[in-house]
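Presented below is the structure to which this report refers.
A note on names: the letters A, B, ... follow the listed sequences, proteins ahead of strands, and every chain is numbered from 1. Bear in mind that the values here come from a model prediction, so they are computed numbers and not experimental data.
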Protein chains: 2
Amino acid sequence: MTDPTGDFDLQDFLPYLLNQAAEATSRGFQAAYRDRYGFTRTQWRVLANLGKFGAMTARDICAISHIEKTKVSRAVAALEQAGMLARAPSPTDGRAELLSLTDRGRAVFADLGGLALAFDRQLRAMLGEGDAGQLVALLRRLAEAAPPGEAAGD
Amino acid sequence: MTDPTGDFDLQDFLPYLLNQAAEATSRGFQAAYRDRYGFTRTQWRVLANLGKFGAMTARDICAISHIEKTKVSRAVAALEQAGMLARAPSPTDGRAELLSLTDRGRAVFADLGGLALAFDRQLRAMLGEGDAGQLVALLRRLAEAAPPGEAAGD
DNA sequence: CTTGTATAGTTGCTAATGCAACCAAGTCAA
DNA sequence: TTGACTTGGTTGCATTAGCAACTATACAAG
């Protein structure tokens, strides 16, 4: 209690610890989508959301995944170029576009989804099921309690 | 169990959840170092480590904080330029430099350290002390179990 | 119907990252 | 001492993120 600033230790700082853990685990899976398909993290996430939820607009993706507009926009462009995603004009809104995966996109999602599932199971096994569940619950609380404004950086 | 890929939900994927929580909390504190001092996250971390542990080499910082060489290098240059950090040739190794905070650097660390401490307490209070402790333990396990190779991206 | 404002999505510019290549100083062995 | 190899640190280049400005459509009020 002598020097208040001396009390601060980065190694105990929650945002720091969260970043370290996020980095470490994300890196592990990055190899899957990067080496196999040349994806960026955002591209993988957009693909994953479309794969899970089916056709929707870019705006929906933003809302669901808290990824920034521009990142989604560019990821969509890249996925489209790679022939994994198709755009269709929204029947109800002339501005919006309905995004959906092509057959190829779905195949890729099946592949990566399988790997992701396996990877996730490994992580959870490492922690133990009970602890893993706890962790998920805590992370959800943090994420929603400290909402990333409009968007979340990556 | 019908379609294995249909089982995968990004919203339950640990790396994703970790990133979301990390983003959300990091963003919250980013305002402190960015708006007040124009720091980048790496600069803040380097400053924090030097503030906590005193003089050391860039290599030490890398080892302690798992930040990449080049990021540390650039952060050090920026902090030096801002007059918050000084380099001294290492007495024992001609390649290395001993890095330390200047008075100004220490003052800034005192300021940000105080804010960080307060911010962290808020987060922990939000979770409850017990849960916060659990979370820290789990994050440490994840970070060390999935070591980011040599370096951690940011 | 036209004027004002909000929203979907894209683009441009700058800053920050990641990786590999690069110096310079140390180490170790003959 | 010389020569092969490691290690601390920096730099260059290509990629990505972040923010603000922009286009085009939608909606709402007069």
Side-chain angles (χ1 to χ4, degrees), chain A residues 19 22-24 26-27 30-31 33-35 37-46 50 55-81 85-99 148-154, chain B residues 19 22-23 26-27 30-31 33-35 37-46 55-82 85 87-99 148-154:
Chain A
N19 267 296
E23 270 309 317
S26 291
R27 286 267 179 171
Q30 183 180 43
Y33 56 75
R34 197 191 52 184
D35 297 352
Y37 300 103
F39 284 168
T40 198
R41 188 141 74 192
T42 309
Q43 285 170 43
W44 147 242
R45 287 190 185 169
V46 167
L50 283 173
M56 56 186 178
T57 71
R59 201 206 155 281
D60 295 331
I61 297 181
C62 291
I64 290 179
S65 63
H66 303 285
I67 304 177
E68 230 201 353
K69 266 168 105 180
T70 70
K71 286 205 294 194
V72 170
S73 175
R74 292 191 232 249
V76 164
L79 289 171
E80 184 187 29
Q81 184 127 23
L85 177 152
R87 309 179 194 235
S90 161
T92 70
D93 187 333
R95 295 165 299 181
E97 298 175 302
L98 265 183
L99 308 172
E150 270 298 292
D154 190 48
Chain B
N19 267 296
E23 270 309 317
S26 291
R27 285 266 179 174
Q30 182 180 43
Y33 56 77
R34 197 190 52 186
D35 296 353
Y37 300 104
F39 284 168
T40 198
R41 188 142 72 193
T42 308
Q43 285 169 44
W44 147 241
R45 288 190 185 169
V46 167
M56 57 186 176
T57 71
R59 203 208 155 284
D60 296 331
I61 298 181
C62 290
I64 290 180
S65 63
H66 302 287
I67 305 176
E68 231 201 350
K69 266 167 112 183
T70 71
K71 285 206 294 195
V72 170
S73 174
R74 292 190 234 250
V76 164
L79 289 171
E80 183 188 27
Q81 184 126 25
L85 177 152
R87 309 180 194 236
S90 161
T92 71
D93 188 333
R95 295 165 298 181
E97 299 176 302
L98 265 184
L99 309 171
E150 271 298 292
D154 190 57

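Put simply, the side chain of B:R87 reaches to within 4.5 Å of the side chain of B:V76, judged on heavy atoms. Under the 4.5 Å side-chain criterion, counting only non-hydrogen atoms from C-beta, B:R41 is in contact with A:N19. Looking at B:T42 and B:R74, their side chains never come closer than 4.5 Å, going by heavy atoms from C-beta outward. Counting heavy atoms from C-beta on, the side chains of A:F39 and A:L79 come closer than 4.5 Å.
B:T70 comes within 4.0 angstrom of a nucleotide base, judged by non-hydrogen atoms across all strands.
Nucleotide C:dA21 holds its P atom 13 Å from the NZ atom of B:K69, rounded to whole Å. We find that CZ of A:R74 is positioned 9 Å from P of C:dT11, with the value rounded to whole Å. For the pair A:E23 CD and C:dG18 C1', the interatomic distance rounds to 11 Å; values are reported in whole Å. Between the CD atom of B:E68 and the C1' atom of C:dC19 there is a distance of 7 Å, rounded to whole Å. Atom P of nucleotide D:dG18 and atom CD1 of A:I67 are separated by 11 Å, given to the nearest angstrom. Regarding A:Q81, its CD atom lies at a distance of 13 Å from the P atom of C:dT10, rounded to whole Å. Residue A:L79 contributes atom CG, which lies 16 Å from atom C1' of C:dG9 at whole-angstrom precision. Rounded to whole angstrom, the span from the CD atom of A:E80 across to the C1' atom of C:dT10 amounts to 13 Å.
For B:T40, the listed nucleotide lying nearest its side chain is C:dA16; candidates were C:dA8, C:dA16, D:dT11. For B:S73, the listed nucleotide lying nearest its side chain is D:dT11; candidates were D:dT11, D:dA26, D:dC19. Comparing D:dT11, D:dA17, D:dG8 by their closest approach to the side chain of A:T42 singles out D:dA17. Comparing C:dT11, C:dT7, D:dG8 against the side chain of B:R95 picks out D:dG8 as the nearest. Checking C:dC13, C:dG9, D:dG9 against every side-chain atom of B:E97, the shortest atom distance belongs to D:dG9. Nearest nucleotide to the B:K71 side chain, out of C:dT17, D:dG9, D:dT16: C:dT17. Distance from the side chain of B:D93 is smallest for C:dG26 among the nucleotides C:dG26, C:dC19, D:dG9.
Residue A:G38 is the one, among A:G38 and B:R34, whose nearest nucleotide of DNA chain D lies closer to the 5' end (criterion: closest heavy atom). Toward the 5′ end of DNA chain D lies the nearest nucleotide of B:V76, the other residue of the pair B:V76 and A:T92 mapping further downstream. Where A:L99 and A:Q30 meet DNA chain C, the nucleotide closest to each residue was compared, and A:L99 sits on the side nearer the 5' end.
Not a single donor-acceptor pair under 3.5 Å links the side chain of B:S73 to the backbone N or O of B:K69.
In this model, the phosphate group of D:dG8 is approached by a side-chain N or O of B:R59 to a distance below 4.0 Å at OP1 or OP2. Look at B:R87 and you'll find a side-chain N or O under 4.0 angstrom from OP1 or OP2 of D:dT10. Put simply, A:R27 has a side-chain N or O that comes within less than 4.0 Å of OP1 or OP2 on C:dG18.
Between the side chains of B:D60 and B:T57, at least one donor N or O sits under 3.5 Å from an acceptor N or O.
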